[in-house]
Q: 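My questions will all concern the structure given below.
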Amino acid sequence: MKKLNIGLVGAGFMGKAHVVGYSNMPKLFWPAPAMPVFKTVCDIVPEIAEEAKERFGFERCCTDWHDIVNDPEIDVVSICTPNNAHAEVAIAALEAGKHVICEKPIASKLEDAKAMAEAAKVAADKGIVSMNAYQYRRVPAIDLAKKFIDEGSIGKILNIRCTYLQSWSADPDSPLSWRFQKDIAGAGTLGDITSHVIDIAQYLAGDIDEVVSMMQTYIKERPVQEGGVDLLGTVKLGADAPRQVVDVDDENSFLVKFKSGAVGSIEATRNAWGRNNFITIELHGTEGSLAFNYERLNELQVCFAKDPDDRRGFKTIYTGPAHFHGEATWNIPGMNIGYGELKAIEMYEFVKAIAEGYQPSTSFEVGYRIERVCEAVAESAENKKWEKVRD
């Protein structure tokens with residue numbers, strides 16, 4: 001079986017998620033399209049790099065990502081750095097002939113996202129695969145919704161409503177990680193989580209054409225975090241801690257018009273007490289409706305207009321062996337999958353694309369288009385009018 005030597009750049013939260021995905025992929029999808037081999041892990045903090053080497057089972061560690069990109073033994077580069085480093089690492093890796101999977105958003109600046117998409121296109125002509133890690137569209141229930149849409153079971157799409165609500169940054173004593181700094185993250189909630197539901201909305205309903213939006217920053221300053229590790233609101237700093245200005249958005253909400261003629265709304269915030277990872281999709285068509293809640297990610301709610309009047313209403317489909325990737329996970333509906341299995345599905349699709357020589361559905365071009373939607377949202381919030389998504 002073909003082996004792929006993995007180089008991981010960034011050993012934090014998402015680095016761990018990539019390792020879990022690679023590790024579990026062949027355990028679930030057997031025979032695997034290729035076997036990942038953990039070669040080198042990189043983190044700018046030496047202690048974190050060394051710990052990740054031992055914890056995750058890499059052969060080597062380093063503190064300079066060039067050591068991975070320039071290593072002829074490395075086949076795949078996984079990029080799990082803060083957003084402002086994505087472009088430099090990804091483009092260098094592609095030019096060095098490495099397959100690349102990069103965390104979302106694709107970049108912190110639109111021009112960097114464009115450069116990455118262009119580099120990926122050139123690399124694709126040489127058989128190099130690149131993928132933007134939008135894992136939530138790969139939830140089996142979302143794929144099932146897509147199947148119902150494509151086969152016409154709910155008719156023509158009329159509208160779609162999406163939310164992504166979290167609470168981890170609602171506390172003003174949560175530290176100022178890089179996710180609250182525009183020069184590193186590029187945007188706040190918009191790039192961090194709204195981008196996910198923009199991707200799902202476009203996956204299900206087609207490209208967004210126009211938006212009108214509002215954006216808010218509720219917590220204007222936060223205590224300075226010690227060290228570079230992104231703690232995601234798991235610690236609180238005292239009132240006497242030094243504070244710095246927050247220059248990104250906490251919340252955004254906007255109306256959307258799709259090229260298909262459908263309309264909808266998207267709302268996202270990281271300041272919603274009581275909401276954890278609350279991604280919801282509700283889609284209405286001429287022949288039925290679909291509803292999904294990520295906190296119940298093994299369920300899809302469906303209602304079909306052709307059902308008899310006395311029994312029409314939402315019913316719950318529990319995804320399992322009869323559905324997407326069900327044969328690879330657990331063989332009884334209701335046993336359920338979670339975030340770990342979802343990352344394994346993502347890595348399966350990435351490694352399968354490498355083995356079979358095609359580009360994944362969440363290509364760098366898809367990531368670039370999501371950034372163009374985000375740009376239109378930001379411009380609309382500033383200009384207070386409808387803005388077209390640039391093509």
Q: Between the side chain of S23 and the main-chain N/O of V19, is any donor-acceptor distance below 3.5 Å?
A: yes
Q: If you measure from CD on E365 to CD1 on I370, what distance do you get to the nearest 0.5 Å?
A: 10.5 Å
Q: Under a 4.5 Å cut-off applied to non-hydrogen side-chain atoms, are S289 and E282 in contact?
A: no
Q: Would you mind reporting whether N84 and D183 have side-chain heavy atoms less than 4.5 Å apart?
A: no
Q: Quick one about N24 and Y348 (side-chain donor to acceptor, distance below 3.5 Å, no hydrogens or angles considered), yes or no?
A: no
Q: Working note: Q135 + Y339, criterion side chain to side chain donor-acceptor pair (under 3.5 Å); need CA distance, chi angles, decisive distance, verdict.
A: CA-CA 9 Å; Q135 73 271 7; Y339 189 74; 3.3 Å; yes
Q: Heavy atoms only: give me the nearest C162-I281 pair and the separation to one decimal.
A: SG-CD1, 3.7 Å
Q: Name the one of D250, D249, T189, T194 that satisfies side-chain hydrogen bond (donor to acceptor under 3.5 Å, both in side chains) with R270?
A: T189
Q: In the structure I gave you, are the side-chain heavy atoms of P26 and M35 within less than 4.5 Å of one another anywhere?
A: yes
Q: Donor-acceptor check, side chain of Q359 to backbone of I128, threshold 3.5 angstrom: yes or no?
A: yes
Q: Roughly how far, to the nearest 0.5 Å, is the CG atom of D75 from the CD1 atom of I354?
A: 8.0 Å
Q: Would you mind reporting whether I101 and H18 have side-chain heavy atoms less than 4.5 Å apart?
A: yes
Q: Could you tell me whether the side chain of Q202 and the main chain of D199 form a donor-acceptor pair under 3.5 Å?
A: no
Q: Minimum heavy-atom separation for H196 to A133, with atom names?
A: CE1-O, 4.4 Å
Q: Do the side chain of R222 and the main chain of D171 share a donor and acceptor less than 3.5 angstrom apart?
A: yes
Q: With a 4.5 Å cut-off on side-chain heavy atoms, are E287 and K306 touching?
A: yes
Q: Answer whether the closest heavy-atom distance between the side chains of E371 and P105 falls below 4.5 Å.
A: yes
Q: Is it the case that the side chain of N132 and the backbone of C102 share a donor-acceptor pair, with hydrogens and angles ignored and the cut-off at 3.5 Å?
A: yes
Q: Is it true that a side-chain atom of K39 and a backbone atom of E59 form a donor plus acceptor pair closer than 3.5 Å?
A: no
Q: For Y164 and Y294, I'd like to know if the aromatic rings sit close, meaning centre-to-centre distance below 6.0 Å.
A: no
Q: Check whether S213 reaches the backbone of V377 with its side chain - one donor and one acceptor, N or O, closer than 3.5 Å.
A: yes
Q: Keeping R312 on the side-chain end and D307 on the backbone end, is there a donor-acceptor pair under 3.5 Å?
A: yes
Q: Using a cut-off of 6.0 Å, state whether more than 12 heavy atoms not belonging to I317 lie near its atom CD1.
A: yes
Q: More than 12 non-hydrogen atoms from neighbouring residues, nucleotides or ligands closer than 6.0 Å to OH on Y318, yes or no?
A: no
Q: How many angstroms lie between atom CG of D112 and atom CD1 of I106, to the nearest 0.5 angstrom?
A: 9.5 Å
Q: From the options K343, R138, R137, select the one residue that forms a salt bridge (charged side-chain N to carboxylate O under 4.0 Å, His left out) with E349.
A: R138
Q: Using a 3.5 Å distance criterion without hydrogens, assess whether the side chain of D43 forms a donor-acceptor pair with backbone atoms of G10.
A: no
Q: Can you tell me how far CD1 of I198 sits from NZ of K104, rounded to the nearest 0.5 angstrom?
A: 11.0 Å
Q: Calculate, to the nearest 0.5 Å, the distance between atoms CZ and CD belonging to F254 and E210 respectively.
A: 13.5 Å
Q: By the definition ring-ring contact (aromatic ring centres under 6.0 Å, His included), identify the one residue from W273, F13, F180 that meets it with W168.
A: F180
Q: Calculate, to the nearest 0.5 Å, the distance between atoms CE and OG1 belonging to M215 and T269 respectively.
A: 11.5 Å
Q: If we count only N and O atoms by modelled type, under 3.5 Å, do the side chains of S167 and R275 hold a donor and an acceptor together?
A: no
Q: For the residue pair H325 / E341, report whether a side-chain donor-acceptor contact shorter than 3.5 Å exists.
A: no
Q: Looking at side-chain heavy atoms only, is the closest gap between V197 and Y136 below 4.5 Å?
A: no
Q: I need the single residue from D71, V37, I68 that forms a side-chain contact (heavy atoms from CB on, under 4.5 Å) with N5. Which is it?
A: V37
Q: Say whether N277 and E295, considering side chains only, have a donor N or O and an acceptor N or O under 3.5 Å apart.
A: no
Q: Please determine whether the number of non-hydrogen atoms from other residues, nucleotides or ligands lying under 6.0 Å from atom NZ of K146 exceeds 12.
A: yes
Q: Please confirm whether the backbone N or O of G191 pairs with a side-chain atom of S195, one donor and one acceptor, at under 3.5 Å?
A: yes
Q: Going by atom types alone, do E151 and S153 pair a side-chain donor with an acceptor below 3.5 Å?
A: yes
Q: Hey, mind stepping through D207 and R369 against salt bridge (Lys or Arg N to Asp or Glu O under 4.0 Å) and telling me if it holds?
A: CA-CA 9 Å; D207 284 349; R369 191 173 207 287; 3.3 Å; yes
Q: Is the number of heavy atoms from other residues, nucleotides or ligands within 6.0 Å of CZ (R296) greater than 12?
A: no
Q: Is there a side chain to side chain donor-acceptor pair (under 3.5 Å) between T316 and Q301? Walk through the geometry before answering.
A: CA-CA 5 Å; T316 301; Q301 303 288 322; 2.8 Å; yes
Q: Apply side-chain contact (heavy atoms from CB on, under 4.5 Å) to the pair F350 and V76, showing each step before the final yes or no.
A: CA-CA 10 Å; F350 177 52; V76 172; 3.6 Å; yes
